[in-house]
Participant: 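Below you will find the structure I want to go over with you.
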2 protein chains.
Amino acid sequence: MACALDQRRYGDSAKRAEAPATLCAMCHARQFAVCGALAEDKLPDFAALSSHLRFAAGQTISEEGAPADWVFSVVSGVIGLHKALPDGRRQTTGFLFAGDVIGLASRIVNACAAEAITDVQVCRFSRSRFEMYMDDNPELRARLLRMTADELSAAHDQMLLLGRKTARERVASFLLQLAERAAARQMPANPIVLPMRRMAIADYLGLTIETVSRTFTNLARAGVIELVDTSTVRIGSMFALRHAAGGR
Amino acid sequence: MACALDQRRYGDSAKRAEAPATLCAMCHARQFAVCGALAEDKLPDFAALSSHLRFAAGQTISEEGAPADWVFSVVSGVIGLHKALPDGRRQTTGFLFAGDVIGLASRIVNACAAEAITDVQVCRFSRSRFEMYMDDNPELRARLLRMTADELSAAHDQMLLLGRKTARERVASFLLQLAERAAARQMPANPIVLPMRRMAIADYLGLTIETVSRTFTNLARAGVIELVDTSTVRIGSMFALRHAAGGR
DNA sequence: CGAACATTTGACGCGACTCAATAAGCGTGG
DNA sequence: CCACGCTTATTGAGTCGCGTCAAATGTTCG
């Protein structure tokens, strides 16, 4: 069975274009370089393994259960990972921003589907060649282990949220998380930008769009946040927001 | 701040005894050897890094948020990992059986608390020495990366369960999981043994003990399972159980 | 045997879901 | 620029699954 990506690649290229390989490779290499995984002189070598792709918002990047042939790194835009039940219920397991890696949980087949939430640019590696490269560059594997451990820790946080938090706590926690991640990427953290729709938020928080919407309204009425517009939230009181999130 | 383990170590030794270091070391080495991480001749070397500990059911092995000074490997018994909210609500993030490793998600501080569900034996490593050892033995780090990736994948499955499944689907999924893991350890998979109490199951599935109990009763009345006794479940129909679990 | 604890069962309430209607955004074309 | 259709978000009314509280039953172990 062909990887979903290849269906995209050859199927509907209208909304996707490939940048020159050299440019792409460098941009990706920078992503990793920032984190100190590789020495400067190894970058061109490593970058040559990658190719650069674009996806339009809404496109599927890879499908759950398909062979995990690729590792992706997000260059720009937002990607959502999700799992689904046969009847269509969906659970988003995470949102990925620039610098994040897709496929840390996947070894043989994709643990989750990956979908472009906004228009995105990614760098793509053959998983097998990526692994071979790690054999020769232990620092890269060490870094990947750290990243995977951090994602596992985040997954545990999300399990606490999904298993035990109320709708209000979930939404408040989500806003805090977005603010923190924006800050980590040197982006403004206070008027929080929500790049995803209510449906995507609901799928991430284990709620329905109606409940998400109502909860935003409630938090706004309580003065905790201000709904500037559908995709912009200003934090009224950080203290109140943390309190609403369940005190963590 | 001292690690929780050390409080146990010197605080209430009544229920815990240490086996001789040599015996312990070998037993741990075997755990890893089984998985092919290290060559036979490196085992004594590696094993010397570890010490062997016992904990009685109910004891805390390490606390959430405490410095992640140790890596543990389960030799026998069952361990539960959990996170808690300030008001006491708990979410169990996983159960660990013989051969599993505790602390994959923890880098600086423990992501979860670890509690002995049954009497357990563990092998303990200093995290810093373990990491130094990985620097010299890339195979070990590669294996740890694979294990962490698998745990992340399992965490994603659990997020789907917690966010989207009904009580019946959660309980059925849990029973299937226990059966599969028992089989993986060469244990009988059909009369499923539940080593943990209803409270621990409820904390793992994001439910209450009452709902867990009622759901067991319902599944039994439907003929899907048979409740041999409180801690033993016989699967009546594997097909029906898979169906009840949501078809995955 | 009896106390302490774990589990099951029952009655009831509430928070989140479902279904439905309305409002707001947003591109497209006149 | 406004009208139009389409998608998305909000709001409302009613329902239901699971949580809460309480009591009964079973189990363990001194």
Participant: Considering residues, nucleotides and ligands other than A:Arg197, do more than 12 of their heavy atoms fall under 6.0 Å from its CZ?
Facilitator: no

Participant: Report the distance from atom CZ of B:Arg168 to atom C1' of D:dC16, rounded to the nearest whole Å.
Facilitator: 16 Å

Participant: How bent is the helix from C:dC1-D:dG30 to C:dG30-D:dC1, comparing axes over its five end pairs at each side, to the nearest 10°?
Facilitator: 40°

Participant: Could you give the CG-to-C1' distance, from B:Asp87 to D:dT20, as a whole number of Å?
Facilitator: 15 Å

Participant: Would you check if the side chain of B:Thr118 reaches a backbone N or O of B:Gly77 as a donor-acceptor pair within less than 3.5 Å?
Facilitator: no

Participant: Could you state the NZ-P distance from A:Lys165 to D:dC18, rounded to the nearest angstrom?
Facilitator: 22 Å

Participant: Main chain of B:His82, side chain of B:Thr92: is a donor-acceptor contact present, judged purely on distance under 3.5 Å?
Facilitator: no

Participant: D:dT20 C1' sits how many Å from B:Leu207 CG, rounded?
Facilitator: 14 Å

Participant: Taking for each residue the nucleotide of DNA chain D with the nearest heavy atom, is it A:Thr217 or B:Ala167 whose nucleotide lies nearer the 5' end?
Facilitator: A:Thr217

Participant: Please answer whether the main-chain N or O of A:Arg89 pairs with a side-chain N or O of B:Arg164 as donor and acceptor at a distance below 3.5 Å.
Facilitator: no

Participant: Test the B:Arg185-B:Phe97 pair against the cation-pi criterion, namely NZ or CZ under 6.0 angstrom from the six-membered ring centroid and within 45° of the ring axis.
Facilitator: yes

Participant: In residues 190-206 of chain A, what residues come within less than 4.0 Å of DNA chain D, judged by heavy atoms?
Facilitator: A:Arg197, A:Arg198

Participant: Tell me whether B:Lys83 contacts the main-chain N or O of A:Asp157 through its side chain, where contact means a donor paired with an acceptor under 3.5 Å.
Facilitator: no

Participant: Would you mind building the protein contact string for nucleotides 25-30 of chain D? One character per nucleotide, 5' to 3', B for base within reach (heavy atoms under 4.0 Å), S for sugar-phosphate only, - for untouched.
Facilitator: ------

Participant: Please find the pair of heavy atoms, one from B:Ala56 and one from B:Ala116, that lie closest to each other, and give the distance.
Facilitator: O-CB, 3.4 Å

Participant: When the nearest nucleotide of DNA chain D is assigned to A:Arg221 and to A:Arg164 on a heavy-atom basis, which residue is associated with the more 5' position?
Facilitator: A:Arg221

Participant: With respect to A:Ser106, which candidate in A:Val109, A:Asn110, A:Leu104, A:Ile102 satisfies the side chain to side chain contact (heavy atoms under 4.5 Å, CB included) definition?
Facilitator: A:Asn110

Participant: Which residues, if any, of residues 208-216 of chain A bring a heavy atom under 4.0 Å of DNA chain D?
Facilitator: A:Glu210, A:Ser213, A:Arg214

Participant: Tell me whether B:Gln158 contacts the main-chain N or O of B:Thr93 through its side chain, where contact means a donor paired with an acceptor under 3.5 Å.
Facilitator: no

Participant: Quick check against the 3.5 Å criterion: does A:Asp100 have a side-chain atom that pairs as donor or acceptor with the backbone of A:Val74?
Facilitator: no

Participant: So, A:Arg90 side chain and A:Ala200 main chain: donor-acceptor pair closer than 3.5 Å or not?
Facilitator: no

Participant: Is A:Arg54 salt-bridged to A:Asp119, going by a charged N under 4.0 Å from an acidic O?
Facilitator: no

Participant: Rounded to the nearest 0.5 Å, what's the gap from CD on B:Glu63 to CD on B:Glu115? Could you check?
Facilitator: 11.0 Å

Participant: Do any side-chain atoms of residues 211-219 of chain A form donor-acceptor pairs under 3.5 angstrom with protein atoms, and if so which ones, sequence neighbours left out?
Facilitator:
from     : atom 1 : to       : atom 2 : distance (Å)
A:Thr211 : OG1    : A:Thr208 : OG1    : 3.1
A:Thr215 : OG1    : A:Thr211 : O      : 2.6
A:Thr217 : OG1    : A:Ser213 : O      : 3.0

Participant: Where the side chain of A:Gln91 meets the backbone of B:Leu162, is there a donor-acceptor pair that is under 3.5 Å apart?
Facilitator: no

Participant: If you walk 5' to 3' along DNA chain C, what is the first nucleotide with an atom under 4.0 Å of a heavy atom in chain B, and what is the last?
Facilitator: C:dA6 to C:dA11

Participant: Could you tell me whether the side chain of A:Arg170 and the main chain of A:Leu207 form a donor-acceptor pair under 3.5 Å?
Facilitator: no

